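Report on one structure; see the data block that follows.
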Amino acid sequence: MFIDSHTHIQMSQFDKDRRAVIRRAQEAGVEKILAIGIDYETSLAAAELADEYDNVYATAGIHPHNAESATRAELDDIHNLAQQPKVLAFGEMGLDYYRNHSTPKAQKKVFVEQLEMAEALGMPIVIHNREAYQDILPILEALDNSAFGVMHCFTGNVELMHRCLAVGNLYIGIGGIVTYPKAADVHAVAREVPADRLLIETDCPWLAPQPWRGKRNEPAYVRAVAEKIAELRDTSVEELGKITSQNFDNLFAPEK
Ligand code: NI
């Protein structure tokens with residue numbers, strides 16, 4: 001059994017066949033799917049999907065790409081949505097200095113506001129980081145080890161992984177990139193990450209694992225991620241599924 005800890009199945013890429021996609025995930029042994037919001041609209045859609053399907057859960061948050069356009073009212077809406085029972089975390093939130101769709105200043109402001117809301121409600125966070133360790137790590141360090149969440153789609157090296165693990169109660173989310181032959185850093189992280197810190201994800205519809213690379217990704221393919229990590233760690237895919245599902249439940253407490 002597997003859990004896909006990071007998907008965007010509420011988004012339009014799945015409008016034509018969402019029911020079939022969710023069924024294929026179940027048939028592939030994916031017992032839970034977390035639908036991640038990137039603004040209020042997609043967070044609400046994730047929560048509605050969670051209402052419709054027993055095995056789907058949601059998060060509420062504003063992605064750094066959307067920080068510039070985020071208003072006080074939108075943050076308040078996210079805060080209210082986060083209190084629904086199947087909304088398990090804030091995010092995805094963070095910093096993205098690769099695409100820079102929003103200014104670093106706007107990104108930091110919206111990130112810190114969401115961190116404060118999550119802390120006030122005692123909820124975990126889903127962190128998006130791209131080329132922004134230099135600012136993300138100090139922000140998390142300033143929380144005095146209270147950071148509680150996942151560094152999703154981790155693509156840094158082993159040293160950065162250890163620095164992330166040192167700033168609080170953080171998990172490392174590994175996705176389809178681990179199946180790419182040239183992803184040496186992610187292979188090393190997949191080998192080295194402590195067993196009780198590892199989560200698996202697809203980040204679908206993007207970043208499909210081999211052999212679907214370049215096509216639309218979907219939660220059923222998380223099994224390919226688990227198989228590759230199991231091979232790298234010299235363990236069985238069953239054991240890998242078991243520990244990552246346990247980690248998911250420890251972090252997100254879906255039965256709260
Ligand atoms: Ni994502």
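As the structure lists them, so they are numbered: ligands from 1, and atoms in each ligand from 1. For the numbers below, each heavy atom of this structure counts, side chains included, while hydrogens, waters and symmetry mates do not. Keep in mind the model is a prediction, meaning the values are calculated, not measured.
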Would you say the Ni ion (ligand 1) has Cys153 as a near neighbour, meaning an N/O/S atom of that residue under 2.8 Å away?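 Coordinating: no.
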
Does any N, O or S atom in His8 come within less than 2.8 Å of the Ni ion (ligand 1)?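 His8 does place an N, O or S atom closer than 2.8 Å to the Ni ion (ligand 1).
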
Looking only at side-chain N and O atoms, does Glu119 offer a donor or acceptor that is under 3.5 Å from a partner on Ser146?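 Yes, side-chain donor-acceptor contact under 3.5 Å.
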
Any chance the side chains of His101 and Asp96 put a donor and an acceptor closer than 3.5 Å?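 The answer is no; no qualifying pair exists.
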
Could you pull out the atom name of the N/O/S atom in Asp203 that is nearest the Ni ion (ligand 1)?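 Of all N, O or S atoms in Asp203, the Ni ion (ligand 1) lies closest to OD1.
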
Among the N, O or S atoms that Glu92 has, which is closest to the Ni ion (ligand 1)?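 Minimum-distance N/O/S atom of Glu92 relative to the Ni ion (ligand 1) is OE2.
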
For Asp196, is the CG atom crowded, meaning more than 12 foreign heavy atoms sit under 6.0 Å from it?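 More than 12 within 6.0 Å, yes.
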
Answer yes when Glu218 and Arg18 have at least one side-chain N-carboxylate O distance shorter than 4.0 Å, and no when they do not.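 Salt bridge flag = no for Arg18 with Glu218.
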
